[in-house]
Amino acid sequence: VAYLTYDNLWTEDGGIDRTALYFGWGMYNTMGMLFTISLPAAAYLACRSSRGWIFTIYLVLLEGCILVSMSRQAMLIGSFIFVVCALWILVKSAKKRAHLMIFGAAALAAVGVLIVKRDIVVSVYEMLTNNFFSGSGRDGLYDEAWEKFKANPVFGIGFYRDISADPGFI
């Protein structure tokens, strides 16, 4: 079971230091991915269980953990999957009213956070949008990988390459 602790999470300029997040195991991208792949299972159990509302609460908590993980990929895909799962629950579950109340309470809580912590939410949004299409400094690696692929499209260049023999490789 992963748990969330944080020390000095907020930077002086209002941003978030993702390296300060500690989930008990793994880095923030790994944990965001694990939370994201757990969403459909929670939605399935919310639809099938006699006490499915418990799993709906769990689904909402998973989405919250995805957002706190600050993993851009998990936030993007996880939010899409969360919406699909919520719609699935509202269409397929027997106790639609209980699920709708949970989603409504979660939406009100989200709006409350947006109002109370507006400056932090804006700084996180700017951090995400400013760096979303930049490749996080990996553009050179992607260009190099594309050139290596074009030079060796069928069999590739192999694994465990001796970097000392070709220092410009990475």
Side-chain angles (χ1 to χ4, degrees), residues 1-139 142:
V1 174
Y3 57 93
L4 171 65
T5 61
Y6 60 91
D7 294 314
N8 301 321
L9 181 63
W10 308 110
T11 61
E12 290 183 17
D13 63 350
I16 291 181
D17 179 12
R18 299 188 298 180
T19 60
L21 287 170
Y22 180 69
F23 286 98
W25 181 88
M27 64 177 284
Y28 50 86
N29 282 330
T30 304
M31 293 313 296
M33 179 267 310
L34 291 173
F35 291 139
T36 299
I37 64 173
S38 300
L39 291 172
Y44 174 80
L45 292 171
C47 289
R48 302 291 292 181
S49 175
S50 62
R51 293 191 176 139
W53 59 271
I54 295 171
F55 295 102
T56 301
I57 293 173
Y58 180 59
L59 181 80
V60 170
L61 292 175
L62 282 173
E63 179 62 20
C65 289
I66 290 168
L67 296 176
V68 170
S69 77
M70 295 301 295
S71 170
R72 292 176 295 176
Q73 299 87 349
M75 292 170 76
L76 180 67
I77 300 302
S79 296
F80 174 75
I81 292 173
F82 176 78
V83 170
V84 170
C85 287
L87 292 173
W88 179 27
I89 290 170
L90 292 174
V91 168
K92 293 289 186 179
S93 68
K95 300 177 182 175
K96 293 174 178 46
R97 185 175 180 165
H99 299 291
L100 189 58
M101 289 172 57
I102 292 168
F103 289 130
L108 285 175
V111 168
V113 168
L114 288 173
I115 292 170
V116 173
K117 299 289 187 181
R118 185 174 189 269
D119 54 336
I120 293 172
V121 172
V122 168
S123 70
V124 168
Y125 176 77
E126 288 174 353
M127 184 269 303
L128 291 172
T129 56
N130 289 343
N131 296 325
F132 194 77
F133 296 107
S134 69
S136 300
R138 297 185 188 113
D139 292 337
Y142 297 151

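Source: prediction; values computed, not measured.
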Test side chain to side chain donor-acceptor pair (under 3.5 Å) applied to S79 - qualifying residues, sequence neighbours left out:
E63
Distance in Å, [X] [atom1] paired with [Y] [atom2], rounded so as to fall on 0.5 Å steps:
X   : Y   : atom1 : atom2 : result
I66 : L39 : CD1   : CG    : 4.0 Å
I37 : L62 : CD1   : CG    : 10.5 Å
C65 : L34 : SG    : CG    : 11.5 Å

Would you say that L76 contacts Q73 through its side chain, given a criterion of any heavy-atom pair below 4.5 Å between the two side chains?
no
Evaluate the side-chain proximity of V68 to F35: yes if any heavy-atom separation is below 4.5 Å, no if none is.
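Sidechains of V68 and F35: no contact.
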Residue pairs, two or more places apart or on separate chains, that pass side chain to side chain donor-acceptor pair (under 3.5 Å) and touch [range]:
range            : result
residues 95-108  : T56-H99
residues 107-117 : none
residues 37-54   : none

Could I get the full list of side chain to side chain contact (heavy atoms under 4.5 Å, CB included) partners for L61, not counting sequence neighbours?
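For L61 the side chain to side chain contact (heavy atoms under 4.5 Å, CB included) partners, ignoring immediate neighbours, are I57.
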When the side chains of residues 81-94 are checked against the rest of the protein, which donor-acceptor pairs come out under 3.5 Å, sequence neighbours left out?
unit_1, atom_1, unit_2, atom_2, d
S93, OG, I89, O, 2.6

For M70 and M75, work out which heavy atoms get closest and say how close.
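Minimum heavy-atom contact is CA-SD, 3.7 Å.
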